[in-house]
2 protein chains.
Amino acid sequence: MKTTSGIRSLFGANLKRLRLQSGLSQEAFADKCGLDRTYVSGIERGVRNPTIEVVGVLAKGLGVAINALFDFDSPP
Amino acid sequence: MKTTSGIRSLFGANLKRLRLQSGLSQEAFADKCGLDRTYVSGIERGVRNPTIEVVGVLAKGLGVAINALFDFDSPP
DNA sequence: GTGTAGACTCCTGTCGACT
DNA sequence: AAGTCGACAGGAGTCTACA
């Protein structure tokens, strides 16, 4: 398939920013979401490509709307 | 992992709605996105769990922001 | 035009261990 | 606390074909 752009990096940076705002460590956050710590690490660094179900649990873990994780919006 | 809810179904219904608004058939839309037609069919019916990169190409194919595809927002 | 099924490749998501 | 590696099962994404 044809990967549009650096969506993963943008998403990851956004996730990291929101997680830090909530004052959680990667590990504490991963536990709260029921996800693996190393996987969350990969997502934040843009080397992983999570599914929308994972996006859902991440948003829930942060206590924010899903849209908050995508508020960088489709780059060229 | 722990699937939060019917995110896939909500996303799929939303995608279908936006696609129909744009007047495209599943096939024409899939071609425009560079995705497989049967896969788009699966996404719209909520039986598939796309990655955020696929979400990006779907949004681009529709000419909308990624947020538009998630404007149902995290169900309980 | 759409839904489904089967078969296939490659990656998502989990885990343990070391830095 | 966070990055990275190797290994693994299961699922994402493609394709062909029929209803």
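Note that the coordinates shown come from a computational prediction; the quantities given were computed from them, not determined experimentally. Naming convention: chains lettered A, B, ... in sequence-line order (proteins, then strands); numbering from 1 in each chain.
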| Passes side chain to side chain contact (heavy atoms under 4.5 Å, CB included), A/Leu15 versus A/Phe29? Steps please. | CA-CA 11 Å; A/Leu15 173 62; A/Phe29 177 58; 3.9 Å; yes
| remark: For A/Leu69 and A/Leu18 the tightest heavy-atom approach is CD2-CD1, 3.8 Å
| Rounding to a whole Å, what distance do you find between B/Glu53:CD and C/dT12:P? | 8 Å
| Whole-Å distance separating the CG atom of A/Asp36 from the P atom of D/dG6 | 17 Å
Under 3.5 Å, side-chain donor or acceptor atoms of residues 30-37 of chain A against the rest of the protein: list the pairs with distances, not counting sequence neighbours.
{"residue": "A/Asp36", "atom": "OD2", "partner": "A/Thr38", "partner atom": "N", "Å": "3.1"}
{"residue": "A/Asp36", "atom": "OD2", "partner": "A/Thr38", "partner atom": "OG1", "Å": "2.5"}

| message | Can you tell me whether the side chain of A/Arg37 and the base of C/dG16 have a donor-acceptor pair closer than 3.5 Å? | response | no
| task | Please name the residue in the list A/Arg8, A/Arg17, A/Arg19, A/Lys16 that meets the side chain to side chain donor-acceptor pair (under 3.5 Å) test with A/Glu44. | result | A/Arg19
| remark: Winner on side-chain proximity to A/Arg48, out of C/dT14, D/dG3, D/dC15, is C/dT14
| request: Would you please confirm or rule out a distance under 4.0 Å between OP1 or OP2 of C/dT12 and any side-chain N or O of A/Thr51? | output: no
| query | Considering heavy-atom distances to DNA chain C, does A/Ile43 or B/Glu44 have its closest nucleotide positioned more toward the 5' end? | reply | B/Glu44
| note | In whole angstroms, the gap separating P of D/dC15 from CG of B/Asp31 amounts to 11 Å
| request: Could you check whether the rings of B/Phe70 and A/Phe70 sit parallel, tilted or perpendicular, using 30° and 60° as the cut-offs? | output: parallel
| task | Rounded to the nearest angstrom, tell me the gap between atom CG in B/Asn49 and atom C1' in D/dG10. | result | 12 Å
| query | Counting only non-hydrogen atoms, which of residues 16-26 of chain B are less than 4.0 Å from DNA chain C? | reply | B/Arg19, B/Ser25, B/Gln26
| request: Provide, to the nearest angstrom, the distance between the CD1 atom belonging to B/Ile52 and the P atom belonging to C/dC11. | output: 16 Å
| Length of the line joining A/Glu27:CD and C/dG16:P, which is rounded to integer Å | 13 Å
| task | Over all heavy atoms of both residues, which pair between A/Ala28 and A/Ser25 is shortest? Give the atoms and the distance, please. | result | N-OG, 3.0 Å
